[in-house]
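Before any comments, here is the structure.
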Amino acid sequence: MDTTTTVKKGNSLIPLVTMTFLFFMWGFITCMNDILIPHLRAFFQLNFAQSMLVQFAFFGAYFVGSLIYFLISYYKGDPINKIGYKKGIIAGVLLSALGCCLFYPAASLAIYGVFLAALFVLGLGFTILQITANAYVTLLGPEESASSRLNLTQAFNSFGTTIAPVLGGHLIFTLFLQDGKVTADSTRIPYLIFAGILVVLALIISRVKLPSFSSEESSEKGLGALKFPQLRMGVLGIFCYVGAEVGIGSLLISFMAKEDIMNIPEAISKNYLALYWGGAMIGRFLGAISLSSLAQAKKVIYMVVTAALVYLLVFSIVDVTFEQTSFFIIFIVLNIVAFVVGKSAPARTLVLFAGVNIALLLLAVVSKGEMALFPILGIGLFNSIMFSNIYTLAISGLGKYVSQGSSLLIMAILGGALLPLVQGMIADAYGIQHSFFLPAVCYLYILIFGVYCMRKVQVTDQKVNVNH
């Protein structure tokens with residue numbers, strides 16, 4: 001039975017700007033985990049697997065929160081259809097603020113388990129945001145431009161992840177050190193600041209007039225979303241993507257500290273980590289342009305200009321010389337070429353990007369020094385559109401099951417909890433470099449999912465057609 005989603009008329013610009021700032025903030029705080037891992041690993045004397053419990057607690061909350069949401073949806077009907085997107089978003093922001101506040105007792109007690117509990121609560125808040133905000137952005141306009149809008153908001157999410165290693169690294173590794181030593185207290189003030197910002201953001205959202213969405217038919221109980229094969233495959237695609245992205249980012253600082261790679265301290269390596277996440281920001285801005293309805297010639301011009309401007313922005317943020325980052329230009333050019341070859345087709349672009357990432361990881365595994373590091377940093381560019389493209393391809397044609405499907409996709413962020421933990425175990429047993437084989441396998445599955453969608457989920461004449 002066909003259903004449509006309706007929106008009360010109104011200007012969607014202000015809601016989109018509000019959502020963009022929200023994406024920025026949760027990107028910033030999420031990326032702080034990459035700073036926390038080496039910090040807590042040094043303070044609590046942890047091995048790689050133990051330090052990866054940071055990601056296990058944070059992203060494990062995504063699974064628990066999404067599972068609870070799905071069970072409520074199954075037995076009682078979709079809760080978002082009942083309370084509305086705005087209230088759901090505010091609830092997610094406030095719960096995230098509570099998680100940040102819990103860093104205060106965690107730092108005061110200096111107990112690793114309390115830090116993990118704080119991260120779990122923070123992750124629960126972000127789970128609600130993922131379920132509500134991602135779906136909300138896709139509904140703020142036509143379905144055919146949903147990938148473009150989501151890539152745009154995800155670009156600002158990546159802007160947060162780009163700034164976080166530099167600013168967050170300065171806060172923890174420099175500004176709040178105790179007598180030049182790493183202590184648990186280094187996290188107390190930064191996370192209280194984050195909590196304050198989130199509370200202010202919740203107040204702003206409560207006063208912004210957001211359009212309300214509703215289904216023309218009441219949401220049904222049951223497992224209706226699972227009847228769509230693109231959703232079932234997309235769930236595993238999100239699992240693999242988040243696990244690969246998080247695992248790579250979590251081990252980058254330790255990877256660069258290896259003598260046969262770069263042999264550089266955390267205070268310097270955090271700048272290269274910013275390049276990894278900055279690449280995702282550049283790629284998402286380019287993705288928003290590539291997947292738009294602009295003429296192809298204009299797309300290329302806008303992508304080149306945008307890439308240059310955003311690269312200069314990233315370069316101004318990181319504390320490294322132009323010579324040390326000039327290699328990144330090669331990856332940017334390759335990224336633009338891949339977008340052009342992808343011809344604005346989400347599935348085809350996903351296949352190309354997954355293939356490039358597999359090649360870059362394999363090169364990093366067999367190389368030493370800069371030749372091992374540079375390919376890893378370039379992966380950020382090609383991660384850029386993966387979440388938004390997998391997400392929009394997976395929920396295409398779901399109708400009234402969009403929110404339920406969204407909860408399943410967000411549940412799959414569990415990959416960010418489990419796969420980095422497995423990668424940490426591989427790093428302990430066989431070395432960090434060999435652990436990068438695991439994300440390569442993840443990108444191989446994403447490539448397979450993209451090939452499936454090229455055949456079964458087609459974008460023609462600006463309309464999404466799903467073949468079951």
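What you are looking at is a predicted structure, and each value in this text was computed from that prediction instead of being measured. Throughout, residue positions are numbered sequentially from 1 according to the sequence presented.
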Without swapping roles, check the side chain of S254 against the backbone of L251 for a donor-acceptor pair under 3.5 Å.
no
Student check: side-chain heavy atoms of T18 and F23 closer than 4.5 Å:
no
Ring centres of F194 and F28 under 6.0 Å apart?
yes
So which atom in A307 and which in I336 form the shortest heavy-atom distance, rounded to 0.1 Å?
CB-CD1, 4.2 Å
So, the side chain of S66 versus the backbone of F63: is there a donor-acceptor pair under 3.5 Å, distance only?
no
Would you say that L362 contacts F437 through its side chain, given a criterion of any heavy-atom pair below 4.5 Å between the two side chains?
yes
Distance-only polar pair, side chains of N357 and Y241, donor-acceptor under 3.5 Å
no
State whether a side-chain donor-acceptor pair under 3.5 Å links Y276 with D34.
no
Shortest non-hydrogen contact between G415 and P420, atoms and distance
O-CD, 3.2 Å
What is the minimum heavy-atom distance between P439 and A244, and which atoms define it?
CB-CB, 3.7 Å
Checking the side chain of K299 only, and the main-chain atoms of S290 only, is there a donor and an acceptor separated by less than 3.5 Å?
yes
Backbone N/O of A49 and side chain of D428: donor-acceptor pair under 3.5 Å:
yes
Measure the spacing between OG1 of T306 and CZ of F285 and express it to the nearest 0.5 Å.
8.5 Å
Indicate yes or no: at least one non-hydrogen side-chain atom of F59 is less than 4.5 angstrom from one of T30.
yes
Interatomic distance, K258 atom NZ to I264 atom CD1 [nearest 0.5 angstrom]
13.5 Å
Atom CZ of residue position F24 - does it have more than 12 heavy atoms of other residues, nucleotides or ligands inside 6.0 Å?
yes
Over all heavy atoms of both residues, which pair between R232 and L226 is shortest? Give the atoms and the distance, please.
NH1-O, 2.7 Å
Rounded at 0.5 Å granularity, tell me how far CG in L273 sits from SG in C31.
5.5 Å
How far apart are the closest heavy atoms of G405 and L398, and which atoms are they?
CA-CD2, 4.0 Å
Check whether any side-chain heavy atom of N335 lies under 4.5 Å from a side-chain heavy atom of M303, and answer yes or no.
no
When every non-hydrogen atom of A412 is compared with those of V235, the smallest separation belongs to CB-O, 3.0 Å
Apply side chain to side chain contact (heavy atoms under 4.5 Å, CB included) to residues L350 and M454 and explain how you reach the verdict.
CA-CA 10 Å; L350 188 63; M454 285 175 64; over 6 Å; no
Heavy-atom donor-acceptor pair, Q230 side chain to S396 backbone, under 3.5 Å
yes
Kindly compute the distance separating CG (L363) from CD1 (I358), expressed to the nearest 0.5 Å.
14.0 Å
How far apart are the C-alpha atoms of L409 and L231, what are their side-chain angles, what is the distance that settles it, and do they pass the side chain to side chain contact (heavy atoms under 4.5 Å, CB included) test?
CA-CA 8 Å; L409 290 167; L231 176 69; 3.8 Å; yes
Could you tell me whether F449 and Y452 have their ring centroids closer than 6.0 angstrom?
no
With the side chain counted from C-beta on, respond yes when I413 and I238 share a heavy-atom pair under 4.5 Å apart, and no when they do not.
yes
Within a strict 4.5 Å, meaning less than it, do heavy atoms of the M52 and Q423 side chains meet?
no
Tell me, do M233 and Y445 make a side-chain contact under 4.5 Å, heavy atoms counted?
yes
Report the distance from atom SG of C240 to atom CD of E245, rounding to the nearest 0.5 Å.
13.0 Å
To the nearest 0.5 Å, what is the distance between CZ on R284 and OG on S388?
7.0 Å
Which word best sums up how the rings of F331 and F328 line up, parallel for under 30°, tilted for 30 to 60°, or perpendicular for over 60°?
perpendicular
Flag the pair I68 / L124 as yes when at least one side-chain heavy-atom distance between them is below 4.5 Å, and no otherwise.
no
Going through the distances and angles, do Y302 and L286 end up as a side chain to side chain contact (heavy atoms under 4.5 Å, CB included)?
CA-CA 8 Å; Y302 289 165; L286 299 184; over 6 Å; no
For F339 and F353, I'd like to know if the aromatic rings sit close, meaning centre-to-centre distance below 6.0 Å.
yes
Indicate yes or no for a side-chain donor-acceptor contact from S435 to the backbone of A427 under 3.5 Å, with no hydrogens or angles considered.
no
Quick one: do I29 and S96 satisfy side chain to side chain contact (heavy atoms under 4.5 Å, CB included)? Show the steps, please.
CA-CA 10 Å; I29 297 174; S96 301; over 6 Å; no
